[in-house]
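Step one of this worksheet: look at the structure below.
Residue numbers begin at 1 in each chain, while the letters A, B, ... track the order of the sequences.
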There are 2 protein chains.
Amino acid sequence: MAVETKKYTDNQELIAKFSNALGHPVRVAILQQLSKQSCCFHGDMAEVLPIANSTLSQHLKVLREAGLIQGEIDPPKTKYCINKDNWHLAKGLMIGFFD
Amino acid sequence: MAVETKKYTDNQELIAKFSNALGHPVRVAILQQLSKQSCCFHGDMAEVLPIANSTLSQHLKVLREAGLIQGEIDPPKTKYCINKDNWHLAKGLMIGFFD
DNA sequence: AATGTTGTTCGTATATTTACGAATGAAAAT
DNA sequence: ATTTTCATTCGTAAATATACGAACAACATT
């Protein structure tokens, strides 16, 4: 019946979740690229970033699971975009956090 | 002779470093408390937060090493404050990052 | 049907993170 | 001098993160 007491506020959990996603420079680089242009293909990022293809997939998954990006298959490529709703949510939370 | 090529920009590294420090809800809680009032004692935080004393010390160390807080011994207690310079730096970086 | 392109997932190794209690250190109070 | 208070560091365990190449899946092209 879930008698668990919540240890942290939703606000704290969300800030931590989004921050965590930004906690690796390659993910910062990915998001900077995606927010500059509207979308980007996996392959194009893979050419530029100093990591293996499979590692890029992992980082994209982290960003997807944090809700900051969304991917769609656009055969034969995979296209990633910023998830604007959550991007704005994150922005608002971070601005609120830093005052 | 350090022939290493830098993989990421200073901006990306810094954003990742600060974000990393914000990547755990208890550290978000600590910083929210510290930014609300000017300073806070370890002991007062330990009473409120749902973690062991030694774990709190570790988290405070993470925040210190990220440059977001600074501690000083105020016998018999330890007092922590926001590092305002880096706080503002982080704020600026995050605002720039999110546009 | 066989091949090629694109990306993900799997398997694995290594490093880091998170957590706790025990031990320690440093300073104050008795 | 001994004890108490406060916080850090140590030792350890378990979980998560990061990285890579190999294997795989999906789809297009030949």
Side-chain angles (χ1 to χ4, degrees), chain A residues 4-8 12-31 33-34 39-81, chain B residues 4-8 12-13 15-31 33-34 39-81 83:
Chain A
E4 352 157 355
T5 307
K6 263 187 101 254
K7 292 183 172 175
Y8 305 103
Q12 288 160 350
E13 298 273 14
L14 273 176
I15 290 173
K17 186 183 76 169
F18 288 132
S19 295
N20 221 357
L22 300 186
H24 190 294
V26 81
R27 293 198 293 265
V28 173
I30 290 167
L31 289 171
Q33 185 60 29
L34 285 178
C39 287
C40 205
F41 293 106
H42 176 119
D44 296 338
M45 296 191 263
E47 278 178 12
V48 173
L49 298 171
I51 55 173
N53 227 293
S54 53
T55 308
L56 175 55
S57 273
Q58 281 183 180
H59 284 294
L60 289 168
K61 188 178 183 182
V62 170
L63 291 173
R64 227 186 311 117
E65 287 178 350
L68 288 172
I69 66 172
Q70 52 206 131
E72 75 179 84
I73 298 172
D74 183 3
K77 302 194 173 182
T78 308
K79 190 173 70 178
Y80 281 97
C81 313
Chain B
E4 352 158 352
T5 308
K6 262 187 102 255
K7 292 183 172 177
Y8 304 103
Q12 288 160 351
E13 299 273 13
I15 291 173
K17 186 184 76 170
F18 288 132
S19 295
N20 224 345
L22 301 186
H24 190 293
V26 81
R27 294 198 292 265
V28 173
I30 291 166
L31 289 171
Q33 187 61 27
L34 285 178
C39 287
C40 206
F41 293 106
H42 176 118
D44 296 339
M45 296 191 264
E47 279 179 12
V48 173
L49 298 172
I51 55 175
N53 228 291
S54 54
T55 308
L56 175 56
S57 273
Q58 281 183 180
H59 283 294
L60 289 169
K61 187 178 183 183
V62 170
L63 291 173
R64 225 185 313 117
E65 288 178 352
L68 288 172
I69 66 172
Q70 52 206 133
E72 75 180 84
I73 298 172
D74 183 3
K77 302 194 175 184
T78 309
K79 190 173 70 177
Y80 281 96
C81 312
N83 179 321

Check: Rounding to a whole Å, what distance do you find between A:Ile73:CD1 and D:dC27:C1'?
Finding: 10 Å

Item checked: Atom-pair distance (CD on B:Glu72; P on C:dA27), nearest Å -> 14 Å

Margin query: Rounded to whole Å, how long is the line connecting atom NE2 of A:His59 with atom C1' of C:dT9?
Written below: 15 Å

Notebook entry, point to check: Can you tell me how far P of C:dT6 sits from CG of A:Leu56, to the nearest Å?
Noted result: 14 Å

Next item on the list: Kindly point out which of D:dT8, C:dT8, D:dC20 is positioned nearest to the side chain of B:Asn53?
Entry: D:dT8

Checklist line | Nucleotide nearest B:Ile51 (side chain, heavy atoms from C-beta), chosen from C:dC20, D:dA7, C:dG7 | finding: C:dC20

Notebook entry, point to check: Between B:Cys81 and B:Cys40, is the SG-SG gap under 2.5 Å?
Noted result: no

Checklist line | B:Phe41 CZ to D:dT5 P, straight-line distance once rounded to whole Å | finding: 18 Å

Margin query: Which nucleotide wins on minimum distance to the side chain of A:His42, given the candidates D:dG21, C:dT8, D:dC6?
Written below: C:dT8

Note to self: Please determine whether a side-chain nitrogen or oxygen atom of B:His24 lies at a distance below 4.0 Å from atom OP1 or OP2 of C:dT17.
What the structure shows: no

Next item on the list: Considering non-hydrogen atoms only, spot the tightest contact between B:Leu60 and B:Met45 and give its length.
Entry: CD2-CE, 4.0 Å

Check: Going by modelled atom types, is there a donor-acceptor pair between the base of C:dG7 and the side chain of A:Ser57 at under 3.5 Å?
Finding: no

Check: Hey, is the side chain of A:Gln58 pairing donor to acceptor with the base of D:dA17 inside 3.5 Å?
Finding: no

Next item on the list: Please tell me which of A:Pro76 and B:Ser54 maps to the more 5' nucleotide of DNA chain C, matching each residue to the nucleotide holding its nearest heavy atom.
Entry: A:Pro76

Checklist line | Distance (rounded to the nearest 0.5 Å) between A:Asn20 CG and A:Arg27 CZ | finding: 7.0 Å

Item checked: Minimum-distance pair of heavy atoms, taken over all atoms of B:Val28 and B:Leu22 -> CG2-O, 3.4 Å

Margin query: Distance check needed: D:dA17 P versus A:Leu63 CG, whole Å only.
Written below: 13 Å

Notebook entry, point to check: What's the closest nucleotide to the A:Tyr80 side chain, out of D:dT8, C:dG7, C:dT8?
Noted result: C:dT8

Item checked: From C:dC20, D:dC6, D:dG21, nucleotide with atom closest to B:Thr55 side chain -> C:dC20

Check: Given atom CG of A:Asp74 and atom P of D:dA26, what is their separation to the nearest angstrom?
Finding: 18 Å

Item checked: For atom NZ of A:Lys7 and atom P of C:dT18, their distance in whole Å -> 13 Å

Check: Which heavy-atom pair separates B:Lys7 from A:Pro50 by the least distance, and what is that distance?
Finding: CB-CG, 4.0 Å

Notebook entry, point to check: Between the base of C:dG7 and the side chain of A:Thr78, is there a donor-acceptor distance below 3.5 Å?
Noted result: no

Next item on the list: Tell me what B:Arg27 touches on the nucleic acid: a base, only sugar-phosphate, or nothing, going by heavy atoms under 4.0 Å.
Entry: sugar-phosphate

